[in-house]
Visitor: 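Have a look at the structure that comes next, please.
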Amino acid sequence: MAIKLTIKKWSAWLDLSQSLSGVILAVFLWTHLVLVSSILLGSDAMNWVARTMELSFLSDDGHGYPWVVTGIAMGIAALALVHVLVALQKLPMSLRQQRALRQQMQVINHSDTRLWRWQAITGVVILLLLPVHLWLIGSAPETIGPQGSADRIWNQGVWMVYLPLLLTVELHAAIGIYRVALKWGAARDLNSRNRLRKIKTIVSVLFVTVGIASLLAFLPHAS
């Protein structure tokens with residue numbers, strides 16, 4: 001009995017950790033996209049955002065502390081690692097488990113299960129691409145700005161990383177928030193679940209549109 005209670009407590013802790021870390025990462029993602037979209041308002045707007053993120057208002061010379069951005073990147077990497085390690089506990093890792101899941105999905109046409117599968121697939125892609133993004137930002141925070149970011153994105157071809165990362169991370173985050181809302185009782189009937197699904201779709205389309213527009217807005221600044 002004691003062992004069963006311990007297992008239940010551990011499972012509950014894993015659920016809470018996955019939900020909490022996922023929500024924090026999703027909120028950070030959307031905040032990050034909003035901040036980057038300042039390029040849509042012009043160079044001055046993005047320069048102001050970049051310098052503010054570096055706490056320029058606390059420095060005597062007004063240049064700020066680029067290492068703050070590096071610290072944020074390291075913190076997000078650590079949180080993402082926790083999220084991945086917890087999520088791996090629930091994924092079908094063996095071939096037998098994957099075969100059983102595939103057979104079950106062929107028999108049961110359940111939309112939320114399909115969303116969970118897409119979340120797992122996008123999670124694998126994010127696991128490959130996110131470290132590249134965090135390294136590029138964390139290792140050279142002083143280059144963040146209209147010209148530096150444009151050079152990195154377009155002249156160095158990093159858009160080939162950023163574009164698929166944008167699409168997968170936004171889909172992953174929106175599905176994750178939707179599933180967390182369901183898990184913790186936000187949808188108590190079919191109608192509210194359908195509304196949540198529509199909101200999820202709208203949020204995904206909105207942030208993907210903003211993200212792509214922001215990538216394109218850097219193009220004129222590429223030398």
Side-chain angles (χ1 to χ4, degrees), residues 8-9 11-41 49 75-76 79-92 97-98 100-130 133 162-217:
K8 288 182 178 180
K9 288 181 179 179
S11 179
W13 185 87
L14 288 177
D15 271 347
L16 181 60
S17 298
Q18 183 179 6
S19 297
L20 185 58
S21 60
V23 169
I24 294 174
L25 288 169
V27 171
F28 174 83
L29 163 68
W30 293 330
T31 303
H32 174 61
L33 286 174
V34 170
L35 294 176
V36 172
S37 69
S38 59
I39 188 62
L40 298 172
L41 302 178
V49 169
I76 292 301
L79 186 60
L81 179 60
V82 171
H83 186 70
V84 168
L85 292 177
V86 175
L88 285 176
Q89 306 299 316
K90 299 182 178 181
L91 291 180
Q97 290 174 330
Q98 294 177 16
L101 175 62
R102 187 162 52 249
Q103 292 174 349
Q104 181 181 14
M105 293 189 67
Q106 290 175 350
V107 176
I108 303 175
N109 184 21
H110 190 254
S111 59
D112 283 355
T113 303
R114 291 199 302 272
L115 286 178
W116 173 84
R117 190 179 187 184
W118 273 112
Q119 192 179 22
I121 293 172
T122 55
V124 173
V125 178
I126 294 169
L127 185 61
L128 298 175
L129 299 181
L130 182 60
H133 174 54
Y162 284 2
L163 182 58
L165 180 60
L166 168 67
L167 298 176
T168 52
V169 78
E170 175 49 47
L171 180 60
H172 187 87
I175 294 175
I177 292 297
Y178 166 76
R179 295 185 67 240
V180 167
L182 293 183
K183 179 182 293 186
W184 298 104
R188 300 186 181 278
D189 54 55
L190 186 58
N191 288 334
S192 57
R193 178 173 294 207
N194 289 335
R195 284 195 297 269
L196 281 176
R197 193 177 290 117
K198 290 179 181 178
I199 293 172
K200 173 193 67 65
T201 302
I202 293 172
V203 169
S204 292
V205 171
L206 174 62
F207 279 106
V208 167
T209 301
V210 169
I212 293 176
S214 299
L215 286 176
L216 294 175

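Along the sequence shown, the residues carry numbers beginning at 1.
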Visitor: For the residue pair S37 and V210, what are the closest heavy atoms and their distance?
Guide: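 Minimum heavy-atom contact is CB-CG1, 3.6 Å.
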Visitor: Rounded at 0.5 Å granularity, tell me how far CD1 in I76 sits from CG in L130.
Guide: 8.5 Å
Visitor: Looking at every non-hydrogen atom in both residues, tell me the closest pair between A217 and L40 and how far apart they are.
Guide: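 It is CB-CD2, 3.7 Å.
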Visitor: For the side chain to side chain contact (heavy atoms under 4.5 Å, CB included) test, which of V205, I175, V208, T122 pairs with E170?
Guide: V208
Visitor: Residues in side chain to side chain donor-acceptor pair (under 3.5 Å) with S204, at least two apart?
Guide: none
Visitor: Minimum heavy-atom separation for A173 and L29, please, with both atom names.
Guide: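 Residues A173 and L29, closest heavy atoms: CB-CD2, 3.6 Å.
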Visitor: Quick one: CD1 on I212 to CZ on F207, what's the gap to the nearest 0.5 Å?
Guide: 14.0 Å
Visitor: Can you tell me how far the CD1 atom of I24 sits from the OG atom of S19, to the nearest 0.5 Å?
Guide: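 Going from CD1 on I24 over to OG on S19, the span is 11.0 Å.
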Visitor: If we only count heavy atoms from C-beta on, is the W30 to I177 side-chain gap below 4.5 Å?
Guide: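 In short, these two side chains touch, coming nearer than 4.5 Å.
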Visitor: Going by heavy atoms in the side chains, are L167 and V125 under 4.5 Å from each other?
Guide: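 No, too far: nothing below the 4.5 Å cut-off.
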Visitor: Tell me, please, which residues at least two apart from S21 pass side chain to side chain donor-acceptor pair (under 3.5 Å).
Guide: H83
Visitor: Could you tell me which non-hydrogen atom of G123 sits nearest to which non-hydrogen atom of H172, and how far apart they are?
Guide: N-ND1, 3.6 Å
Visitor: I'd like to check the side chain to side chain donor-acceptor pair (under 3.5 Å) partners of S214; sequence neighbours left out, ordered by chain and number.
Guide: none
Visitor: Taking the side chain as C-beta and beyond, is there a heavy-atom pair between Y162 and L129 under 4.5 Å?
Guide: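 In short, these two side chains do not touch, never coming nearer than 4.5 Å.
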Visitor: With side chains defined as the heavy atoms from C-beta onward, is the minimum distance between L25 and L79 less than 4.5 Å?
Guide: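 In short, these two side chains touch, coming nearer than 4.5 Å.
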Visitor: Go through the steps for L20 and V180 under the test side-chain contact (heavy atoms from CB on, under 4.5 Å), then give the verdict.
Guide: CA-CA 9 Å; L20 185 58; V180 167; over 6 Å; no
Visitor: Atom NE2 in H133, atom CD1 in I126: separation rounded to 0.5 Å?
Guide: 12.0 Å
Visitor: Supply the atom-to-atom distance L85 CG to L81 CG, rounded to the nearest 0.5 angstrom.
Guide: 4.5 Å
Visitor: Roughly how far, to the nearest 0.5 Å, is the CG atom of L171 from the OG1 atom of T201?
Guide: 9.5 Å
